[in-house]
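These notes concern the structure reproduced below.
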Amino acid sequence: MHPYRTHTCGQLRATHAGVPARLSGWVHRKRDHGNLLFVDLRDHYGITQCVADTGSAVFGVLDDAKLETVLTLTGKVVKRSAETVNPNIPTGEVELRVEEAKVESAADALPLQVNSDMDYGEEVRLKYRFLDLRREKVHRNIMLRSEVIASIRRRMIEQGFTEFQTPILTASSPEGARDYLVPSRVHPGTFYALPQAPQMFKQLLMVSGFDRYFQIAPCFRDEDGRADRSPGEFYQLDFEMSYATQEDVFAAIEPVLAGVFEEFAGFNKDKPWTVTKPPFPRLPFEEAMLQYGIDKPDLRNPLVIADVTEIWRGTGFKIFAGAIEKGAVVRAIPAPGGAAQPRSWYDKLNEWAREQGQGGLGYIVFEAGAGKGPIAKFLDEARTAQLKAATGLKDGDAVFFVCNPKDQAAKFAGEARIRIGRELGLYETGCFKFCWIIDFPMYELNPDTGKIDFSHNPFSMPQGGLDALDANDPLTIKAFQYDIVCNGVELSSGAIRNHRPDIMYKAFAIAGYAKEQLEAQFSGLLNAFKFGAPPHGGSAPGIDRMVMLLANEPNLREVVAFPMNQQAQDLLMGAPAPVDEKRLRELHIRLALPAKKA
RNA sequence: GGGGGCGUAGCUCAGUCGGUUAGAGCGUCGGCCUGUCACGCCGAAGGUCGCGGGUUCGAGUCCCGUCGCUCCCGCCA
């Protein structure tokens, strides 16, 4: 007999009755009846009830074993009597009558209970992550992650992509987030950087003629954490295609994403969620900012914001009319069925708006063919009708107004849209709603310096190419730059790249970079583009965020095996940590720590 | 760097207006129990109320500071 097991803890069925079996696993739970003892033995595959009574030589061993002790139990598989079958577990028709018991590894009293789905504090969970990972929910999430990644690999290869590895120790990139730096021992005073993404390498692979690249790529960014953003490191499905238009990129990745989401849409859910069918809706950035007030709209929320500036222009409501004369806009957020809400509901939203630093949240309620509410009287019948038409509302509905300079108005209307949608329970449930946000602006005005900056990736191809850069106001130029969004989560951003040095020099010149600067900072890529570069583009959906969505978890730590905390510390391994003076000397590093506060 | 929330037994939490000996569940330890499956019953141990200072006759509770965790803003080409 195998020293540890003949079957797993999830394997035995009624058909095994009578056969000898050996199981190894953790003591999941014990039910001690004094003269009769049940031990639920658990491994990766399942749970099997094992039983011994006082007469048995093994009774003492089982009785002494604390929860999470690792045991090897040998005995006979016995069919349970009809009344004692447990229909809740797959092995519930049988039990193991224990004849031999060996303790492989005893467990101390536990800092967190493995056999419970109780919520624990992050500190305990992360410090004892190996115990947390034994618990059913996280264990299943990590398995889901593995299966999702396997599915992605299969689908990408089927689409004709080739998987590559790219360097982890590489050069610091001047744009973007802060880099993680690694000091060089051999070259005093110099540093490697961990890649924020394999951006340059995948473009170089295109220039090298590999045509279709992908990688489940680790990315490192020294930025602060959020629920949907791990501090330090995360993974992307990084891909890039040669001779591809924006539509080619969409057509290549949509079936992969839709396929993966459909494959796992039933995970942990009563009924599989529906998934947007390709082609996914395309929303120009301008339109998204107007209609949703955000560049990552959650389309499960059906509310659509409308611009009603003209309706309020020149009215007696001087707060709006006056602001409009100074260039402000008015955005309307519909609240279908809002007339049924009590006055206090409107007051509460108003109060929330003021907490957000806004003047308030004006509103009109449509009842009996007319507008009601504090500011309704400023709109005549014609304008009220226009308002109803613009927002698509009818009697029984309400509408809220945000009046501000354009960007602020869009942003706050977006926040109000989310809040109103939630409070009215309008969100569609049981679905993954995808969309592309396209036509991002190439440049934006830096409000602090008044200077023109790149608004996203400086290596994106401007729409219209060199002619557009030469002829147009930079702030009107769009880039072949796109994001993919699912349920309000930004899964990725991507672009058709700028593969032409002449366009690149011009694009950087507009953002105030001299030719020499560009050549100094990006010589590798620029040089490569001087020897025949295929037009190319791609994207990089976040793996962790995809798994988070599929697992229906509110934060990334639930789908990462060994996450860091918000302060970018690994509590299990104790990282980051000081190093010996000797090692610092080897690296030619002397610490200059900030003064301790008194 | 900034703002909000939280911090009480190993763990999850309760703790009223500032007032007697700080409680519960789970876990741990001891006892009882031969068909449970979140077994049940009886009992016990276990507390720097995050830390420091202050107000008060009296502080888990109020105030100030500080540390930790978390959510958010900044940051994220």
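Below, chain A is the first sequence line, B the second, and so on; all start at residue 1. Model, not experiment: these values are computed from the prediction. All heavy atoms count here, side chains included; hydrogens, waters and symmetry mates do not.
Ion pair A:Glu68/A:Lys66 not flagged as a salt bridge, since none of the NZ, NE, NH1 or NH2 atoms sits closer than 4.0 Å to an Asp/Glu carboxylate oxygen.
Between A:Gln567 and B:rU70 there is a side-chain N or O to OP1 or OP2 distance below 4.0 Å. For A:Arg229, no side-chain nitrogen or oxygen approaches OP1 or OP2 of B:rC73 to under 4.0 Å. Taking side-chain N and O atoms only, A:Asn86 has no distance below 4.0 Å to OP1 or OP2 of B:rC37. For B:rC39, one of the phosphate oxygens OP1 or OP2 lies less than 4.0 angstrom from a side-chain nitrogen or oxygen of A:Arg31. At the phosphate of B:rC71, OP1 or OP2 sits under 4.0 Å from a side-chain N or O atom of A:Gln566. Close to B:rC29, at under 4.0 Å from its OP1 or OP2, lies a side-chain N or O of A:Lys66. The side chain of A:Arg226 contributes an N or O atom lying less than 4.0 Å from OP1 or OP2 of B:rC73.
Pairing for B:rC6 is with B:rG68, a Watson-Crick or G-U wobble pair whose two hydrogen-bonding atom distances lie under 3.5 Å. Pair assignment for B:rU28: B:rA44, on the basis of Watson-Crick or G-U wobble contacts that are both within less than 3.5 Å. B:rG1 is paired with B:rC73 under the criterion used here, namely a Watson-Crick or G-U wobble arrangement in which both key atom distances are under 3.5 Å. Applying the Watson-Crick and G-U wobble criteria (two distances, each under 3.5 Å), B:rU34 pairs with nothing in any strand. With a 3.5 Å ceiling on both atom-pair distances, the Watson-Crick or G-U wobble partner of B:rC62 is B:rG54.
Nearest nucleotide to the A:Phe38 side chain, out of B:rU36, B:rU28, B:rG25: B:rU36. Of all nucleotides listed (B:rU12, B:rG35, B:rU34), B:rG35 comes nearest to the side chain of A:Thr84. Among the nucleotides B:rG27, B:rC69, B:rU34, the one closest to any side-chain atom of A:Gln113 is B:rG27. The A:Arg221 side chain lies nearest to B:rA77 when the options are B:rU36, B:rA77, B:rU34. The side chain of A:Ala227 sits closest to B:rC72 out of B:rU34, B:rC72, B:rC33.
Between the CD atom of A:Gln569 and the C1' atom of B:rU70 there is a distance of 13 Å, rounded to whole Å.
Between the side-chain ring of A:His33 and the base of B:rU36, no stacking contact exists by the 5.5 Å and 30° definition.
Separation of the C1' atoms belonging to B:rU61 and B:rG7 is 14 Å when rounded to the nearest angstrom.
Taking 3.5 Å as the limit, the base of B:rC37 and the side chain of A:Arg80 contain a donor-acceptor pair of atoms between them.
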